[in-house]
There are 2 protein chains.
Amino acid sequence: MTRKTESPSIQVRQIAEECIAVRLRLLTRAVTRLYNRALRPHGLTVSQMNILVAASCLGQARPQDICRVLHLEKSTLSRDVERMRIQGWLKKSSGEDGRTSLIHVTPAGGRLLEKAIPAWREAQQRAKALLGEPGCAVLDRTATALRRGDLRETG
Amino acid sequence: MTRKTESPSIQVRQIAEECIAVRLRLLTRAVTRLYNRALRPHGLTVSQMNILVAASCLGQARPQDICRVLHLEKSTLSRDVERMRIQGWLKKSSGEDGRTSLIHVTPAGGRLLEKAIPAWREAQQRAKALLGEPGCAVLDRTATALRRGDLRETG
DNA sequence: ACCTTTAAATTGTATATACAACTATTGTCC
DNA sequence: GGACAATAGTTGTATATACAATTTAAAGGT
């Protein structure tokens, strides 16, 4: 009896073999797990670490500044920050513009970040091995292009 | 008045400048948005399309098979499949092993996939432009390595 | 045949993510 | 200076994701 499962069209096969999204997302899931497992003992996720680092480097940062450098949607950041504020790692203060607030890292947040550095190094090393030198270079180039706004976000 | 914002340590700066996770996640967010916006008119997300494609290519697939090729956690897939089953794009049938079930694409799911191909092509082209030829090559290589299990999941 | 161990999937809970709708504030133009 | 447009964040809702705990079923040893 011929099985009734339709074999996929050539075009569907093409998606399976070529789709950039599927590969990129797969790779990111794997790498995210790597970092999250390393950071877990510190009670920190890689997303949260990224936000701490960004806020730390920017100094008093407006939410939109962090959104820009991380290509994060404003509502996503809003909730991430709220969780971290509750943890005591971030604080908000009001700036000149009444619509906005300034985010800064608390001393506790700073200490946490420093403490987590060895775990980060470990994950970073494994991720480097996975991607290889050329992979890291490509990633660097592409992320920089994105931050400069090369991908037109047609509102 | 010297500002009290602590400037980040050299090591924190290093994370900002070198962290693979932050760049990869940033890039993936941007690319995911690209595909999701293109696919939206079809009521489909890129995650769901990936699962449809995988199931389509595998034929009668066990959940664990799909998890393996996509590096997805089993509980994640379980919920994704349930949503798609409700939409009528996937169906489950019981196989020989009573613990497992077989997932297959319904005719409606197949039609949806075919219909969405032009949108996929459009997003794919933009993603290609963003990553460049070398970027795509690296991605291909790394994803293949991952699927072969090169990253030790020290469960 | 029964008990224990192993394996596969589901369910509980939490974070991460985005879009749409809403709120509040600022800026502009007459 | 008041109506209106633009801007910044927050909130409502939904998907995606993972870890831990639970359920169900198969395998293995005696």
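Within every chain, numbering begins at 1; the chains are lettered A, B, ... in the order of the sequence lines, protein sequences first and strands thereafter.
Judged as a side-chain hydrogen bond (donor to acceptor under 3.5 Å, both in side chains), and not counting sequence neighbours, the contacts of A:R25 are B:T32, B:S47. Residues forming a side-chain hydrogen bond (donor to acceptor under 3.5 Å, both in side chains) with B:R13 (at least two apart in sequence, or on another chain): none. Not counting sequence neighbours, the partners of A:K92 by the side-chain contact (heavy atoms from CB on, under 4.5 Å) test are A:V81, A:R85, A:S101, A:I103.
Residue pairs meeting the side-chain hydrogen bond (donor to acceptor under 3.5 Å, both in side chains) criterion with at least one partner in residues 132-141 of chain A, sequence neighbours excluded, are A:D140-B:R23.
Rounded to an integer number of Å, the gap from A:R85 CZ to D:dT10 P is 10 Å. In this structure, B:L102 atom CG and C:dA8 atom C1' are separated by 12 Å, rounded to whole Å. When rounded to the nearest whole Å, the span between CZ of A:R62 and C1' of C:dT26 equals 14 Å. At whole-Å resolution of the value, CD in B:E82 and C1' in C:dT10 are 10 Å apart. Rounded to whole Å, the distance from CD on A:Q64 to C1' on C:dT26 is 13 Å. The separation between A:M49 atom CE and C:dT15 atom P is 18 Å, rounded to whole Å. With rounding to whole Å, B:D65 atom CG is found 10 Å from C:dA8 atom P.
Taking five base pairs at each end of the helix from C:dA1-D:dT30 to C:dC30-D:dG1, the local helix axes there meet at an angle of 0°, rounded to 10°.
Of all heavy-atom pairs spanning A:V105 and A:L52, the tightest one is CG2-O, 3.8 Å.
Comparing A:D97 and A:Q87 along DNA chain C, the residue whose closest nucleotide (by nearest heavy atom) sits nearer the 5' end is A:Q87.
Side-chain contact of B:S9 with A:E114: a donor-acceptor pair under 3.5 Å is present, judged by distance alone. Counting only N and O atoms by type, the side chains of A:E73 and A:S75 include a donor and acceptor under 3.5 Å apart.
Two residues are said to be in side-chain contact when any heavy atoms from C-beta on lie closer than 4.5 Å; A:L139 and B:V138 fail this criterion. Here the side chains of A:R147 and B:L26 are in contact, with some heavy-atom distance below 4.5 Å.
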Exercise. In B/S/- notation, 5' to 3', how is nucleotides 16-24 of chain D contacted by protein heavy atoms closer than 4.0 Å?
Worked result: BBBB-----

